[in-house]
Amino acid sequence: MFRYIVRRLLQMVLTFFGATFFVYALMFANQDDPIQALAGERPITESVRQALTERYHLDDPFLLQYWYYMKGMLTGDFGTSLTGRKISDMMEVAWPVTIKLGLIAIVIAAAVAVTSGVIAGIRRGSIFDNVTLVITLIILSLPIVVLAPLAQLIFGIKLGWFPPTAGATPTFWALLLPALVLGSLVIATELRVTRSSVAENLRSDYVRTARAKGLSRKRVIGVHVLRNSLIPVVTLIGVDIGGLMSGAIVTERIFNVPGVGFNLFRGIRTEDGPLVVGFVSILVIVFLVVNLLVDLLYAALDPRIRYE
Amino acid sequence: MSESITAAAGPSGAPMMEPKHADKRDKPRSLAGDAWVDLRRNKIFWFAATLVVLILAMAVFPKLFTSADPRDCILARQHGGASGSALFGYDFQGCDVYARTIYGARASIEVGVLATLLSGIIGLLFGLATGYFGGWIDAVLSRFIDIILGIPFLLAAIVLAKRFSSDSNSNGVVAVTITLGILGWTTAARIMRSSVISAKNQDYVAAARMLGAGPGRLMLRHILPNSIASFIVVLTILLGANIASEATLSFLGIGLKGDAISWGIAISDAGSYVRVAPAPLIWPSVFLAATVLAFIMLGDAVRDAFDPKLR
Amino acid sequence: MTDIKAKIDVLPGLDPRAPLLEVNDLHVEFRTQYGISRAVNGANFTLAPGETLAILGESGCGKSVTAQAIMGILDSPPGFITKGEVKYRGVDLLKLPEKERRKVRANQIAMIFQDALSALNPVFTVGYQLAELFRVHRGMSRGDAKKRSIELLDQVKIPAARARIGDYPHQFSGGMRQRVMIAMALALDPEVLIADEPTTALDVTVQAQIMGLLAELQQQRNMGLILITHDMGVVADVADRISVMYAGKVVEEAGVYDIYARPAHPYAKALLESIPRLDMKGQQLNVIKGLPPALTAIPQGCAFNPRCAYAQDVCRQDPAPPSYIVAPGRTSRCHFWRDVVGE
Ligand SMILES: Nc1ncnc2c1ncn2[C@@H]1O[C@H](COP(=O)(O)OP(=O)(O)OP(=O)(O)O)[C@@H](O)[C@H]1O
Ligand SMILES: [Mg+2]
């Protein structure tokens with residue numbers, strides 16, 4: 001276990017530096033005028049130019065610039081947006097909303113996906129299985145830019161079941177529709193993986209043993225099969241978080257949820273380079289940390305990895 | 001990232017093919033022949049293929065479907081209702097929604113196909129190299145893939161697209177294509193890599209190697225033909241994903257721009273007016289979803305045909 | 001053995017004087033998309049307490065499927081028992097409701113499998129998998145169940161049982177894993193143990209140890225043992241009687257000495273002649289020519305006729321040869337068993 005953790009940590013450190021370097025280099029390296037890139041097409045006053053140069057150490061060699069950027073991030077200094085607000089302050093307001101949204105999405109998606117996936121896996125070829133297959137196919141083929149506005153139009157505006165937009169301090173109820181939209185991003189894959197994993201495990205020898213032990217079907221599936229089947233599903237969570245982050249940008253913008261994605265969207269639209277770099281960097285870090293945690297969880301679930 | 005879809009079906013990502021059940025006729029048949037027989041009987045395949053052909057036709061010959069000019073916009077017609085000449089009505093700038101939706105296919109297909117080709121080439125080369133040579137090349141490239149996958153897809157795309165689209169005169173096709181192409185190859189590379197590794201250990205490849213076949217010849221003659229099916233499946237599904245990503249980037253304002261006609265832009269623009277005019281939102285959405293669906297179904301059908309085990 | 005009384009109460013119609021296990025005319029088929037595969041077409045045998053019955057036959061002849069049908073753990077669908085009886089002490093298990101049937105498993109009839117690594121659940125400790133039996137069937141507390149599990153591991157001679165109870169299957173060696181399987185099968189003192197190729201996955205020295213352990217435990221408990229195996233050496237050592245299966249049928253059943261000395265079915269004879277023996281040094285081995293039939297298209301008449309040196313026209317026509325009684329407790333499904341034995 002210890003060696004596994006150490007290895008994963010080393011791997012994460014490498015990925016961390018690689019990923020941040022990638023982000024940073026793309027924003028700054030080899031640009032004719034990095035400042036113009038940061039500020040987009042807006043006219044730049046001399047004082048802004050100076051502030052940005054100083055802020056990003058643009059007069060220094062590139063590696064040094066990167067070093068300063070990393071140092072800032074590791075000490076919690078993510079910079080200031082072009083509108084003059086500190087990124088960390090913006091984050092402080094935005095995170096709780098996004099986390100709430102994400103949690104609702106994940107919980108609902110996981111509950112639905114695992115339950116239906118298990119049923120579909122047990123009754124392969126049944127009507128239920130075929131219906132879920134078709135539904136997942138449809139969900140898979142609905143990009144978030146289609147799903148979010150259509151859901152808003154149908155359930156928010158036409159039917160009026162949910163508030164069409166969330167507003168400044170969204171309630172659970174206001175977040176539910178965006179969370180469902182967000183959750184649908186991951187639900188189809190989770191369901192399909194659960195299904196095939198359950199189906200595969202049901203055919204395995206240890207299930208035969210469990211039945212030979214005179215265990216009830218409920219116990220064979222609920223304890224023996226489920227525990228094994230969830231291992232691949234758990235590994236999906238890491239990937240899913242990335243998908244949720246991406247989806248949150250679109251979803252939060254459409255439902256006016258004042259979260260991280262919404263801010264990032266505004267940053268992109270207003271060409272606020274510092275804001276985008278700051279937010280993206282933070283999200284990348286969060287993503288890596290979550291993936292590390294998922295790997296540890298994976299090891300906890302699968303003893304073959306734990307004791308390798 | 002998009003890997004999960006394929007992972008769901010093929011746990012190992014290895015060339016998941018096995019000859020189909022023994023045929024009663026004596027004539028030996030190739031795997032591809034078998035797969036084709038299977039595909040021909042598959043209704044989903046025909047449905048998806050028809051849809052794909054239709055969309056391709058729209059992209060290449062939009063005039064077949066509409067005689068209206070998508071750029072002929074008259075503000076006086078703003079949000080005008082549907083009529084015989086404008087099936088889906090007009091949007092907020094008074095453009096013909098139907099015409100713009102038809103013409104939108106071109107951008108999607110163009111970006112989707114080009115980006116997928118780019119990903120395919122990169123994935124193929126990386127996969128072959130890592131699988132065949134193994135060792136440190138494999139280690140380095142695997143870490144490289146880790147790094148790419150260490151950034152959530154859309155975030156990476158945002159950064160890349162921003163970088164490539166600094167030229168404000170272009171309509172963004174090149175920038176989006178390169179962005180998606182650079183980010184999309186990892187699954188293809190992994191599939192290729194594991195195919196090569198398992199093929200490498202097969203007796204007939206070992207035999208060919210002992211007979212003095214060089215790496216280039218080995219890959220071309222012996223390894224590629226065996227892995228090509230799963231590779232194509234991955235690319236087909238990726239094509240659908242790329243089309244969705246193009247729309248998403250365009251929606252965010254860092255994809256296609258300027259005077260480009262794109263479903264993503266249309267959805268983004270229509271969003272502000274859904275309460276008054278839902279049609280300009282609905283139709284591009286439907287076309288976009290149908291296109292993605294078609295490619296996913298096509299990929300699924302082909303995979304099933306090559307890999308009967310996974311049903 | 002204090003549980004015997006409880007067992008009788010559980011199963012209605014249980015007759016302590018009836019044979020321990022009796023399989024009559026068992027038929028199993030698999031309904032697959034490529035047709036119906038008749039894996040078992042009339043399996044018959046009986047088993048007495050303390051007795052070891054070996055089931056022999058080529059790969060794919062339905063040995064494992066028979067065992068699974070007895071246990072009631074066939075994959076269904078595609079597998080279906082279409083005919084026959086499986087009687088435990090006079091009770092036809094096939095007619096029992098699933099809930100009753102479940103209690104018979106592990107309590108009265110237990111099974112061990114060929115590949116212990118895949119037969120044990122990889123994500124639970126062996127302690128958990130053993131204790132589970134006591135907790136589910138006996139309602140024991142965790143603590144008691146654990147104590148019993150340690151005792152069991154001691155009985156199957158796993159060193160440092162107390163320490164190893166928290167280990168996972170992959171942390172054991174092949175032989176130790178098979179011991180764990182045996183412990184699991186014996187946990188609830190079953191009267192019948194079915195061992196499906198228990199030693200095939202092990203190397204030779206370990207094989208001998210495991211067989212020794214099985215024999216010892218069988219004697220201690222006076223268990224009936226059904227041993228499915230390919231290993232003729234093992235059969236000669238431990239079996240009392242032998243059932244030879246071909247294409248889903250028991251073609252000959254006989255005491256081990258009888259069958260080795262004078263087989264009464266051409267297939268049994270061919271099978272025995274295909275074993276290398278020390279006294280045959282220098283002679284050529286007889287390998288049975290041809291292949292076993294596809295179970296989707298079993299030949300008319302005697303299924304063995306295309307490969308049989310004794311085959312005549314009657315062998316190629318339905319009905320298939322009945323079960324001739326060669327001697328008391330000895331049967332053969334060959335029209336010409338007299339010729340075969342007589343040689
Ligand atoms: N789940 C199943 N689905 C379809 N057919 C099956 C299934 N299980 C077994 N069979 C068929 O039943 C036949 C008998 O199989 P079985 O496992 O009993 O053979 P066996 O005598 O145990 O062989 P071996 O010595 O190789 O273990 C095989 O031909 C097999 O194809
Ligand atoms: Mg078997």
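All of these numbers come straight from a predicted model, not from anything done at the bench. Every chain is numbered from 1, with letters handed out A, B, ... down the list of sequences.
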Nearest heavy-atom neighbours spanning [X] and [Y]:
X	Y	result
A/Pro303	C/His170	O-CE1, 3.4 Å
C/Met184	A/Thr209	CE-CG2, 3.6 Å
A/Asn228	C/Pro122	OD1-CG, 3.5 Å
C/Arg102	A/Gly214	CG-O, 3.1 Å

So do [Y] and [X] actually touch side chain to side chain, heavy atoms under 4.5 Å?
X	Y	value
C/Ser118	A/Tyr206	no
A/Val223	C/Tyr128	yes
C/Asp75	A/Arg208	yes
C/Met71	A/Arg211	no

With a 4.5 angstrom heavy-atom cut-off, which part of [X] approaches chain A: side chain, backbone, both or neither?
X	value
C/Ala110	neither
C/Glu98	neither
C/Ile70	neither
C/Ile73	both

Tell me, out of A/Leu202, A/Asn201, A/Leu215, who's got the most heavy-atom pairs with chain C below 4.5 Å.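 Between A/Leu202, A/Asn201, A/Leu215, the count favours A/Leu215.
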Please identify, among C/Met111, C/Gln114, C/Gln129, the residue contributing the most non-hydrogen atom pairs under 4.5 Å to chain A.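 Most pairs with chain A among the choices: C/Gln129.
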Any chance the side chains of C/Glu132 and A/His224 put a donor and an acceptor closer than 3.5 Å?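 There is such a pair (donor and acceptor under 3.5 Å, judged by atom type) between the side chains of C/Glu132 and A/His224.
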More than 12 heavy atoms of other groups within 6.0 Å of A/Ile127 CD1: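 No, not enclosed.
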